[in-house]
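A short worksheet on the structure shown next.
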Amino acid sequence: MGSQALQILRQGVWASLTGGWYVDPHQSTFSNCFHLYLWIFLLAFPFLLYMALPASLVVAGVYSAVVAVFFTAIKVVNYRLHAMFDLGEIIEKKQASLTAEAPRTEEGDDGSCFELDHESLQESQENTLMIEEKAKPKQYYRFWVLPGKWLRVRYDRLALLALLDRNRRVGENVFAVVLASLVAFLGFLLLLQGFFRDIWVFQFCLVIASCQYSLLKSVQPDAASPMHGHNWIIVYSRPVYFCLCCVMIWIFDLSGRSGSLQPFTLYGVTFFSAQFLLYVRDMLIVFALCFPVIFLFGLLPQVNTFVMCLLEQIDMHIFGGTATTSPLSSLFSLIRSMLVAALLYGFCLGAINAPWGDAHVPVLFSVFCGLLLALSYHLSRQSSDPTILWSLVRSKLFPELENRTPEEPPVEIKDPLPEKLRNSVKEILHSDLVMCPLMAVITFAISASTVFIALQPALSFVLYILAGAVGFITHYLLPQLRKQLPWFCLAHPVLRSREYSQFEVRDAAQLMWFEKLYAWLQCVEKYFIYPAVVLNSLTTEARTISYHSHWMAFNFVFAGMKLLRSSFCAPSQQYVTLCFTTLFFHFDYPHFSETFLIDYYFMSILFSKMWDLLYKLRFVLTYIAPWQITWGSAFHAFAQPFAVPHSAVLFVQAIFSAIFSTPLNPVLGSAVFVTSYTRPVKFWERDYNTKRVDHSNTRLATQLDRNPGADDNNLNSIFYEHLTRSLQHSLCGDLLLGRWGNYTTGDCFILASDYLNALVHIIEIGNGLVTFQLRGLEFRGTYCQQREVEAITEGVEEDEGCCCCEPGHLPHMLSFNAAFGQRWLAWEVAATKYVLEGYSISDNNAASMLQVFDLRKILITYYVKSIIYYVSRSSKLEEWLTNETIQEALQPCLSPSYVDSDPTFNLNIDEDYDHRASGITPSSFCMVYLDWIQYCNSRRQTCPSDLLEHFQPVTCERDSPLVNLCFGLCILGRRALGTASHSMSASLEPFLYGLHALFKGDFRITSPRDEWVFADMDLLNRVVAPGVRMSLKLHQDHFTSPDEYEDPMVLYDAITANEEKMLISHEGDPVWRSAILANMPSLLALRHIMDDGSDEYKIIMLNKRFLSFRVIKVNRECVRGLWAGQQQELVFLRNRNPERGSIQNAKQALRNMINSSCDQPIGYPIYVSPLTTSYAGGHSQLRSVWGGPVSPHNIYTWLISSWDRLQKGCGAGCNSGGNIEDSDCGGGSTSISTNPAVHTTQSTPASSLPQPHITTVQPSMGLLTSLQRTSSIQGLLGQQLSSSQLSFSSTVAPPPLPGPERFCPASLLETSGHRVGQRAGLGQGSGLHYECHFGKWSFSGRKGFNGPAAVEGEGSVQTIRTQVRKLSVYLLLIVPVMSSPGNKKL
């Protein structure tokens, strides 16, 4: 413990203060001396130059030039030495003694030689006593200085790395030299300006030396480093921050002294005045002098994190953008917002400078309002990550690049996620192509109508009251009523889902009325109320501007974009900000108000910080509450009383961390809190994702010998990956339906089920999209994790305590103790029955299922029968039967006296074992399996496979080639099992080992009698290997129905059904992962578990079903603080204790579960998903509420269906004088009452009708749909047939003919009943869904609207028109014949 503390003090504290220099006793004397003299040179050189020479730019130039040359020399030598170690040749030389190490030229070498030996530099007195030591070889490298001149270098790579940091690329070395020169020049320039006096000159020179020294030998690990080991990015942090600070000091000093900037006043504070600028300059000077302390506590992140945070904060708080996922996405989002702002600024400036009348709005201002709303809507619908958009563009413009994925192994099942994401983005772009112009036109019309001028001031207050009332109901009242414990007083939710009372969920979640209400209130709030509030403020304030038009134009653009984008993306907290702004600036302090739009803009920024401060204070108070503190170590008990006197400092830290978006983390998990460096919403700098270990990314030898992916965590990670896919499909829609309660950017939730415990981190929230990351915890977690899982899953409804007694509680209310305890938690239960599609996992111990010989005999029997099944089903059977190599090798098996007496075969497990022959003979084999061979052969012609539909059964007599082939394969398969079991099948453990080896495909053919199988490897891959896996499934089913599979028909059908509906594979096979991600209904595998001394075999059975989860909302600042604390403790403080106090369970904060979810190796999650985006368009229930998107294709199909309906109505009205409703029914209400077939079709429940979808219908429905859509034809048919004819046709109507015969002319003439039955489709009208202004609307179609017809493509429409023309002409010939007097009885 003492040595570790000294190491932290040397390598952590002291090295952070000096920039990387410290004395390491484990390194050589030369290394320590070199570091010391180097650091003294960098410190003393600028200090002596400043003190000795007069102040001039020439001195600064000389200083920076000397530093550049010095760093160039060191970097060049270091780079060449590393290149020598990489590419040079080691030369060995024998010496008689150590005294003969003087520089000399070796025989046979050309050129001169000098010697550089790090061992001789630290030679001690002990070495001089070893002169007579036996000669030993010496190794050295040749370091070429000049042509013909080289040095003999006996240095090694590790010693060089301990001396200087390595820069692998030339660009890194050049950048380091440039940074060192800039630090020297800018730092000396500030010294020349006279900003530092007395001791502060030395302090500033120390800062310069620390920044330069870090470029040669940096602090590793740094306090702000997010990773273990050498972090090459953190090397540049100190010099980059120093250069930025010096430039800002110089700029603020120059601006303050010149007075060129025009100051302005905002809320009583004057900005950019001379005094303000000089004050900021002085603060930056103090900040620069505090660099050693700042970097000691890690208050500044590494450069790329700083850039990402800065760009993200600017985009979020100034332009109203969303959180970003990488530095590239943050740059992309900011540039996108700036381009839109630049476009809007021109329109806004022109509109403000235009003349305004008393009741007149300039046209240019209306154009600006329309563009502002449309572009803000479009930006809110786009993700900050451009990769998906670029993937869509690349797939359209460069489709050949999509097929080039050499790193991806070929799998049988394609991953549907990339194409699904591209379709979602394409759907959004198509919808915006229609909605944005429509919104711009409608907004232009509303703004030009002067409604925002004529109705003032009453309109403003009406909008404010309406926004507050709708926001209170939507985001406070409804979520509280749906919580598990409303207001922490009620014991049950008031508004319950249909699944709440179900013990086991079997179906998807039902859509409830309050979910529809919540979705519609959000729609009204986002697309009507807040746009009206912003447009009203813009219009009223633009009329009163008489000065600073440029400044006000910027304000209007920035405020309008931020407020509109925020209301579109995250309206949950807007009503609080709006109500506070109205009350504070209209009633409390109206003299402080600038304009309402500016007030609302700045209050939205302030409130985002206030929410962060509130969450931080809640976390701190909950974590250090004395009545629930959990001390994980002795240090916690020691730190608890010392944290009490520093509460004021803690409050100041909380304010500071809220302003700069930094976590407030507990030191070593104790009650002492410190501020960490600023982090983005994503939090983790590294893009760490779990890489599943399977057969596609491991070597074959590793798979066969050690099988590194066989641990439980690696195998179980696939279930969290599938859970991520399920959330990708439904999360955004479920959030918009309020199933997770209120949410905002950065929120964290825990999903808890029977065995799945995952933390979901919501990163980006857009308008119709959510980007999240899922972190799955271990199935069988530690003791601390289990205690916290119990805390979040157990209910408190039965608690009856009140202080020290138990008086009970009121009905449906919480007791006093329960209500008090729930208020002092950093988490709350948001939902108890959240339904997701997943897999139920059942595992059976294979040892118990194969313990006795009879059970193993059953498995071997099914193994043989499965081999026979796959032989008969194979499309290559005729080829195998005619293969000369195979038949020649199997020819001895036809002999009546042939017997295979391999020791693998055993009477106990082989049903066809002949104890008289001591082996297996063809006759004993046929006695058991000949009937099964003949039955499988008879079913060969009925095989549903397309490859076998023309194949006929082959000869399967006793001595036929088919029986001989089956005999040979069955012998081979059982011998392979015995070989894998080391010929010890009588013992259980070797038998299970061999079965698992064959299950994963490890077939080792060792007998010469089985080498014939290499004539075609499909015999192993497609016959024997599937047979092993299928036999395990049949053995599983044997326990439920022991005698059922004795019938060959039942067994054959069972194998066929398993082939179609189930995947049986090893879990290391890539097909296993692909099948789970493709939602295969059932899967089966044999798992070998070797963990903690256990060696077990388990049969894993997966069945797809709906799973129920508890949704736990965790204080996001609690998660960020605990994550930051773990990173600091493990990376910087180097705490390697696996039972450290910071990961012990703390139920009030879920400390263990949160710390376990950190990125590895800081935490230990078994799965960390990539950043995944969920789109609202993929949620079917939300589409049923809001409708589908308005795209050009959907509009086109709607116009076509409307035209057909209009044609239908006109045709019915002209021919029969009836109305449209009658023609929709197919000729009147009589047809409905007298035709049972029609009535049955029309009374079909809504659940059985096809759901509206944006894709086209099946091609086979095209002709039927065309007849249903042709109202003129239906009207003619309905007009010519009377009610008696309809009754007759409904009574004697034959069954409908399949295919085209249903609609051929003969059928139209002969079966009038069928003709009338087709009219049933006219009574079914599915809703036509599309978006309307400011949102998504759903207009249900009337009787004539047919859902499938409304979504057909252009090709289908053209085909329908052609069919309608042909059929109309034909019916014109039919109708006179049917209406003639001779055909009245027809």
Side-chain angles (χ1 to χ4, degrees), residues 473-505 508-515 517-519 572 615 618 622 628 727 730-731 734-744 747-754 756-760 762 787-801 808-836 1106-1116 1118-1119 1147-1150 1153-1154:
I473 295 173
T474 307
H475 305 294
Y476 180 77
L477 188 60
L478 284 178
Q480 285 289 346
L481 294 176
R482 297 178 63 180
K483 280 184 180 179
Q484 174 63 19
L485 305 174
W487 292 284
F488 296 124
C489 294
L490 303 181
H492 305 285
V494 178
L495 302 177
R496 308 176 187 178
S497 62
R498 189 164 299 176
E499 302 79 27
Y500 181 80
S501 58
Q502 297 179 3
F503 177 75
E504 182 179 355
V505 178
Q510 298 294 320
L511 186 64
M512 308 300 292
W513 66 269
F514 48 83
E515 293 176 343
L517 176 64
Y518 182 83
S572 60
Y615 289 131
R618 283 182 177 177
T622 300
Q628 59 182 7
L727 285 174
S730 62
L731 178 60
D734 290 337
L735 289 175
L736 291 174
L737 292 174
R739 291 174 178 171
W740 286 27
N742 286 331
Y743 61 96
T744 186
D747 278 349
C748 297
F749 297 85
I750 290 180
L751 297 180
S753 184
D754 296 334
L756 297 174
N757 296 288
L759 188 143
V760 180
I762 296 179
R787 299 293 74 77
E788 292 181 355
V789 169
E790 291 174 3
I792 63 178
T793 54
E794 66 184 6
V796 295
E797 297 84 358
E798 304 300 328
D799 191 336
E800 298 182 352
H809 56 80
L810 296 176
H812 306 292
M813 299 288 289
L814 292 178
S815 66
F816 176 82
N817 287 357
F820 181 81
Q822 291 296 313
R823 283 170 168 79
W824 285 93
L825 297 176
W827 51 271
E828 61 176 336
V829 181
T832 57
K833 291 289 185 179
Y834 177 65
V835 181
L836 273 180
F1106 291 99
L1107 305 178
S1108 176
F1109 290 86
R1110 290 176 72 92
V1111 180
I1112 313 298
K1113 184 177 182 180
V1114 189
N1115 186 341
R1116 64 171 181 265
C1118 173
V1119 176
K1147 296 181 180 179
Q1148 75 276 14
L1150 303 180
M1153 297 183 70
I1154 293 173

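We're numbering straight along the sequence, starting at 1.
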Query raised in the report: Quick one: are W827 and I750 in side-chain contact, heavy atoms under 4.5 Å?
Result: no
Query raised in the report: CG/D747 to OG/S572 distance, rounded to the nearest 0.5 angstrom?
Result: 8.5 Å
Requested in this report: Return yes if a side-chain donor-acceptor contact under 3.5 Å exists between Q510 and E515, otherwise no.
Outcome: no
Query - Parallel, tilted or perpendicular: rings of W824 and F820 (30°, 60°) - result: tilted
Query raised in the report: Of R496, H492, E797, which meets side-chain hydrogen bond (donor to acceptor under 3.5 Å, both in side chains) against Q484?
Result: E797
Query raised in the report: If you measure from CZ on R1110 to OG on S753, what distance do you get to the nearest 0.5 Å?
Result: 11.0 Å
Query raised in the report: Has the side chain of K483 got a donor or acceptor atom that lies under 3.5 Å from a matching backbone atom of G741?
Result: no
Report task. Flag the pair I792 / M1153 as yes when at least one side-chain heavy-atom distance between them is below 4.5 Å, and no otherwise. Result -> yes
Query raised in the report: Has R498 got more than 12 heavy atoms of other residues, nucleotides or ligands less than 6.0 Å from its CZ?
Result: no
Query raised in the report: Is the shortest heavy-atom distance from the side chain of V1111 to the side chain of L751 under 4.5 Å?
Result: yes
**Report entry** Shortest non-hydrogen contact between A1149 and C1118, atoms and distance
**Finding:** O-SG, 3.7 Å
Report summary line: Between the CZ atom in F749 and the CG atom in L759, the distance rounded to the nearest 0.5 Å is 10.5 Å
Report summary line: Between D799 and H809, the two heavy atoms sitting closest are O-CD2, 3.3 Å
Query raised in the report: Would a distance-only check, ignoring hydrogens and angles, find a side-chain to backbone donor-acceptor pair under 3.5 Å from K1113 to N742?
Result: yes
**Report entry** Polar side-chain atom of R823 near backbone of F488 as donor-acceptor pair, under 3.5 Å
**Finding:** yes
Query raised in the report: With side chains defined as the heavy atoms from C-beta onward, is the minimum distance between Y518 and L737 less than 4.5 Å?
Result: no
Requested in this report: Using a 4.5 Å cut-off on heavy atoms from C-beta on, say whether the side chain of V829 contacts that of L485.
Outcome: no
Report summary line: All heavy atoms of N1115 vs all of R618, minimum pair found to be ND2-CB, 3.9 Å
Requested in this report: Compare all side-chain heavy atoms of D754 with those of L1107 and state whether any distance is below 4.5 angstrom.
Outcome: no
Query raised in the report: Does a sphere of radius 6.0 Å around CZ in R787 hold more than 12 heavy atoms from other residues, nucleotides or ligands, not counting ones at 6.0 Å or beyond?
Result: yes
Query raised in the report: Heavy-atom count around E798 CD within 6.0 Å, excluding the residue itself: above 12?
Result: no
Report task. Report yes or no: does Q480 contribute a side-chain atom to a donor-acceptor pair with the main-chain N or O of W487 at less than 3.5 Å? Result -> yes
Query raised in the report: Looking at R482 and P493, what are the two nearest heavy atoms and their distance?
Result: O-CB, 3.9 Å
Report summary line: In terms of heavy-atom contacts, V505 and S1108 come closest through CG2-CB, 4.0 Å
Query raised in the report: So do L736 and Y743 actually touch side chain to side chain, heavy atoms under 4.5 Å?
Result: yes
Query - Approximate separation, where rounding is to 0.5 Å, of S497 OG and L511 CG - result: 11.5 Å
Query raised in the report: Do the non-hydrogen side-chain atoms of F514 and L481 ever get within less than 4.5 Å of each other?
Result: no
